[in-house]
Structure formats: structure tokens, C-alpha cells
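We use all heavy atoms of the structure for the numbers below, so side chains are in, but hydrogens, waters and symmetry mates are not.
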Amino acid sequence: MKRRRLFTTTRIILVGFLAGIALGTGLLMLPISSKTGEVTDFSDALFMATSSICVTGLATVSPAGHFSAFGQAVMLFLIQFGGLGVVTFTTALLLLVGKRITLTDRMLIQEAYNLDTLSGLVRLTLKILKGTLLIEGLGALLYLPVFCSDPEIGLGRGIWVSVFTAVSAFCNAGLDLLGDSSLIAYRGNLLVNFTTMALIVIGGLGFPVWWELLRVWRLERKWNWKRSPWKSLNLHAKLVLFMTALLIFGGAFLTFLLEYDNPDTLGGLPLGEKLLASLFQSVTLRTAGFATIPQENFRHVTCLLFILFMFIGGSPSSTAGGIKTVTAALIAASVVSIVRGKPDTELFRRRVTDAVVRKALAVMMVSLSALFLLTFAVMYVQDGDYLDTMFEMTSAIATVGLSRGMTGTLHVLGKLIVVLTMYLGRVGPISLALAFNVEAKKKHALAAEGKVRVG
């Protein structure tokens, strides 16, 4: 019993990420990790290791300009580790070396993915690993013609850049080896844009949605497509797909509308590039961190909108961060049900239990509180524009990686606060709060009812 209380899934995730950050920091500080052969400053190594394993994308030093091939390989390993998650990555390694997966391991997988059964968990992990490698491999192949044909990159380095970018995009990390301008040079390249967007969206949907889509596809194919596939999807998949589409296309439309005549962003571009850049910007707000337009050039009103989209983030059990699309949908639906006088929260003609709604509300409130306190801390230790600071901290806690230029100006204390923010954003404020709750579920006595007034 003591062992089970000590090694909970939440604690393993927390400690696993901390161990990965410590290992990554040590490796990135080695002289072999830098191009100059010098030891990388501890604060920068810590920041880059955390940004990599928390799949954030913020950078205090240039991955392409500062780190050697070895250092970049360390970052790639950390990105893959962070994208798959501690439990999945560890289980995959155990399977590769031929070790038997115990009942305890199966229970960890079950808790990590919020599954209802212990059956087929090892097979699920293998599917996640194979699916991840397949999608990243296809992404790298699609990048090859562009990066390898670029005279400034070359064939050999083009292959490495393609692999690194594909893994980073799928894991929603946003780190790249193209210099300090991200994908700005490829703003009009359809292949780079759509490949990157596809990898971001697929990684941000979440593994459970993958398998639900495959299940429905096989089911409908067996029935010769006699009914709408949408009706066969479970509620979770419907919510994820609906919210993802709404946020992507809604964000693209609003970006296009607000920045249409801004000469520093979309104003000087042809109509086709305006539409493409707006769509890419909306997709990268799903916590990816790549950019085809400098973020500091956007209008302030547009950046406020971006902060909201970044805070929502991707979907549960995915490589993305944020409070998650399902959380936002549940809170919005709960508000609508209260306004309309309905006793229950309903989505797509399905009732959602109050316990799930309360959990969604708790996730949002804890995340908002953490964001406020950490933003306050950064503004206390160093001066900076309020909007830029809020943008930076939202990007960090939602593991997005977009910045309006503040990252490079951070002092040591500022870097440490942002490191903590990225870590909290990846493991989740709720998970951190629950990690040290050693007590099992208790039966609480029902308190006497009291009346309060709201509004």
C-alpha cells in the first residue's frame, strides 16, 4: 500500500520530467554540445532543456547557431520524450529491450490515458509509438525536397533539419534549426506550411481521438458507409474535432480580419499569402510555436486574441499544452446550461456529469491563478511591457513557444521563473497539486446545507 501511494502516476510523471530536465541540462552544458566547444551557461542550458522536454519552443539561445550536432540531438531526444510523455516513453523502452510489462506498469498506462480498462494497454502503447514514428517519418519525407534543395542548407544538413522539424512540429515543440526567424523564409511555401500544419493538428488531437477515428472508419467501411460517421464517434472525439475546427478556422478568420491592412504583418502580402499566413498563425497557436510572421509586429488587439487561443491550447492526451479544448467546451456549455435554466450540462445531446464539469472548472482556475502569480513574479524581477510579458508567460504555461521578443531579454531570475512556468504548463498545475496528496479517496461526511447569494 505504501509503495502504491509513493509511486502514483502523477508523481512518476512529475519526477520523470524533472529527471529529464536535469539530464538534458547536464548534457547541454557539456563542451561537445556547443559549436564553440565552450560550456553553455547553466541558466541557458536549463532553459533550453526545459523548453525541449516541455515541448514549449521558447529559446534564450539559437538551437541552430549555438548548439552542435550533438547538442541538437540531445534536444531532439528531449522533444520526443516530452511529446510522448514519461509513461508512454518508458513503456516503449521496456518493450524494445524485451522486458515484461507488469500489472503496475499497466495501471500506470491506464491512469495516464484515463482509460476504463486494463486490457490491450501494451498494444495501445505500441500503436502510439508506431503511429508517432510513422507520422513524423512522413513529415520528414515531405520536408526533404524543400530543405535539401535550399542552397543555404545543403543535402546532408537538409535531411537533419527535415527530421528535427518533423519531430518538433508533431510534438508541438516549435523549436527548429533554421536560425532565429523560424519559418518566416518559407511563408509562401505551400508544402512547408501544410506539412507543418498537418503535423501540429495531428499531434494536438490526442491519441484517444486517433483510435476513435480509426475505429469509426473501420466500422463504417464494414457497414458500407450506410450512416454518417459523425454519429458513430464518441462524445470526446466530437468535442475535440468540433473545438479544433472552430478555433483554427475562427482564429484564421479573426487574424485575417484584424491584420488585413497592417503593413508589418499581412498588409503587404498577396491575397493567397494573407490567407495562408492567417491559417498558419491560427494553427501554431494550438501550442506549436512556429511562426511565419514576427509576433511583435501584430497589433495589440490581435495579440490579446492570441493570448486567449494559446491559453486554451490543444486537446487532452496529446502533445499540446493549454487548459485543453474539451475543458473550454465544458465550461462554455455549463454557462449556457445555467443561462438557459437547464439542470444539466449537455453537449451533442449527451449529459456531462457535474464531477467532470467541476474538474474542468478547477483546471481553468488553477491555470489562471498560476499564470497570474508567475506573470506577477516576472514583472517584479524585471521591467518589461505588460502585453509582451503576458504574451510570453501565456506562451510558457500553455507550452506554445511564441514570443514577442522578450525571451532574449530575460535575466537569470526571469529565466528561472519561465522555466518553472513551462514545467507547470507541461505537467499541469492540477497534477502538481494532486501529486503530494498521499491519502486515498476518503468518505467525507455530508455537511449541513448553507445558503449563499451569487451575482
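Each ring-ring contact (aromatic ring centres under 6.0 Å, His included) pair with one or both residues in residues 296-320, not counting sequence neighbours, appears once here: Phe298-Phe306. Annotation: salt bridge (Lys or Arg N to Asp or Glu O under 4.0 Å) contacts involving residues 37-62, sequence neighbours excluded, comprise Asp44-Lys415. The ring-ring contact (aromatic ring centres under 6.0 Å, His included) pairs that include a residue from residues 379-400 number zero, where partners must be two or more places apart or lie in different chains. Annotation: salt bridge (Lys or Arg N to Asp or Glu O under 4.0 Å) contacts involving residues 53-81, sequence neighbours excluded, are absent.
In terms of the side-chain contact (heavy atoms from CB on, under 4.5 Å) criterion, residue partners of Val335 (sequence neighbours excluded) are, by chain and number, Val339. In this view, Asp261 and Arg299 satisfy the salt bridge (charged side-chain N to carboxylate O under 4.0 Å, His left out) rule, not counting sequence neighbours. Residues satisfying the side chain to side chain donor-acceptor pair (under 3.5 Å) criterion with Gln72, sequence neighbours excluded, are Trp160. For Glu273, the salt bridge (charged side-chain N to carboxylate O under 4.0 Å, His left out) partners at least two apart in sequence or on another chain are Arg187. The side-chain contact (heavy atoms from CB on, under 4.5 Å) test applied to Ile153 returns Phe147, Asp150, Arg157, Val161, Leu178, Tyr186, not counting sequence neighbours. A search for ring pair (Phe, Tyr, Trp, His ring centres under 6.0 Å) contacts involving Phe170 returns Trp210, not counting sequence neighbours. In this structure, the side-chain contact (heavy atoms from CB on, under 4.5 Å) partners of Ile338, at least two apart in sequence or on a different chain, are Ser334.
Considering only heavy atoms from C-beta on, Thr56 stays 4.5 Å or farther from Thr50 through its side chain. Residues Leu420 and Leu416 form no side-chain contact, since every pair of their non-hydrogen atoms from C-beta on lies 4.5 Å or further apart. Using a 4.5 Å heavy-atom cutoff, the side chains of Leu269 and Leu266 are in contact. Side-chain contact between Thr287 and Met310 is absent, with no heavy-atom pair separated by less than 4.5 Å.
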Validation: residues 239-257 side-chain donor-acceptor distances under 3.5 Å, sequence neighbours left out:
residue: Thr244; atom: OG1; partner: Val240; partner atom: O; Å: 2.6
residue: Thr255; atom: OG1; partner: Gly251; partner atom: O; Å: 2.7

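Remark: the Gln80 side chain and the Glu136 side chain contain an N/O donor-acceptor pair separated by less than 3.5 Å. Side-chain contact check for Thr40 and His66: at least one donor-acceptor pair (N or O, by modelled atom type) lies under 3.5 Å.
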